[in-house]
S.K.: 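Got a structure here, written out as structure tokens. Questions coming.
Counting starts at 1 for both ligands and their atoms, in listed order. Heavy-atom basis, side chains included; hydrogens, waters and symmetry copies ignored.
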Amino acid sequence: MSDVTTSFPLETGRPFIDARAALRWAHRTHGDAVCVTASFGDATLAHLANDTIPGIEITLLDTGYLFAETEWFADTMRDRFDLNIRIVRPAADLERDVWQTDTDACCAARKVEPLQQALQNRDVWVTGLRRDDSPSRRSAPLAHVDLLKNVVKVNPLVSWSDADVANYAAQHDLPEHPLTDRNYESIGCWPCTRPVQDGADARSGRWADSEKTECGLHL
Ligand code: SF4
């Protein structure tokens, strides 16, 4: 695995340029061993990745509890932008509705384990994580070695503000997830996602009735 400390493009302070540079670096240095994951809560990462590296594989982790609107949105994005989407699902024999009693166990089985499967034989994991998502993500780097997952983790959008995301969407005439205008600012599984109150951070609607803030993918 490459040493990112010497070969990775540094942040320039220009988010759009950093994002494309990061994606090009990943593809140039690791080719097909790059795994881009997108949740299709919005169009940004999937479009940016495909626009920068046409045909790059984009992985959707389908927990079995995605909103029907998210499935529709991913299909719409695939058809409109000719995306190369890979869908990774959890094991078929999982107990159902564990989210009702143990969200950590449910996320482990339906998100974390499928991600490990998706990252098999991959060197680089590209995510849509942004510092503006929530207070716990404020210090996220553009790239680092993820020792637990044994990959270089690249976050091309890490320094993008909400305004940057909106500008990019306007520039490229991107469609909007159908739940966005109903105040769903961060969209995960339907049992664990609520609309966000005005002024609250985007991820405050996730596991809103508990202390949980992350599913485990980004820990
Ligand atoms: S977000 Fe909720 S439904 Fe989705 S995997 Fe985690 S606990 Fe299960």
S.K.: Can you confirm whether Tyr65 sits close enough to Pro90 that some side-chain heavy atom of one is under 4.5 Å from a side-chain heavy atom of the other?
M.R.: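 Answer no - side chains too far apart.
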
S.K.: Going through the distances and angles, do Cys189 and Lys111 end up as a side-chain contact (heavy atoms from CB on, under 4.5 Å)?
M.R.: CA-CA 10 Å; Cys189 299; Lys111 289 192 171 189; 4.1 Å; yes

S.K.: Tell me the salt bridge (Lys or Arg N to Asp or Glu O under 4.0 Å) pairs involving residues 194-207, sequence neighbours left out?
M.R.: Arg203-Glu214

S.K.: Can you list, by chain and residue number, the protein N, O or S atoms under 2.8 Å from atom 2 (Fe) of ligand 1?
M.R.: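 For atom 2 (Fe) of ligand 1, the protein N, O and S atoms that sit under 2.8 Å away are Cys192 SG.
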
S.K.: State which residues pass ring-ring contact (aromatic ring centres under 6.0 Å, His included) with Phe40; sequence neighbours excluded, sorted by chain then number.
M.R.: none

S.K.: Which ring-ring contact (aromatic ring centres under 6.0 Å, His included) pairs, counting each pair once, include a residue from residues 197-219, with sequence neighbours left out?
M.R.: Trp125-His218

S.K.: Please work out which of the three classes, parallel, tilted or perpendicular, describes the rings of Phe16 and Tyr168, given edges at 30° and 60°.
M.R.: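 Plane angle over 60°, so perpendicular.
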
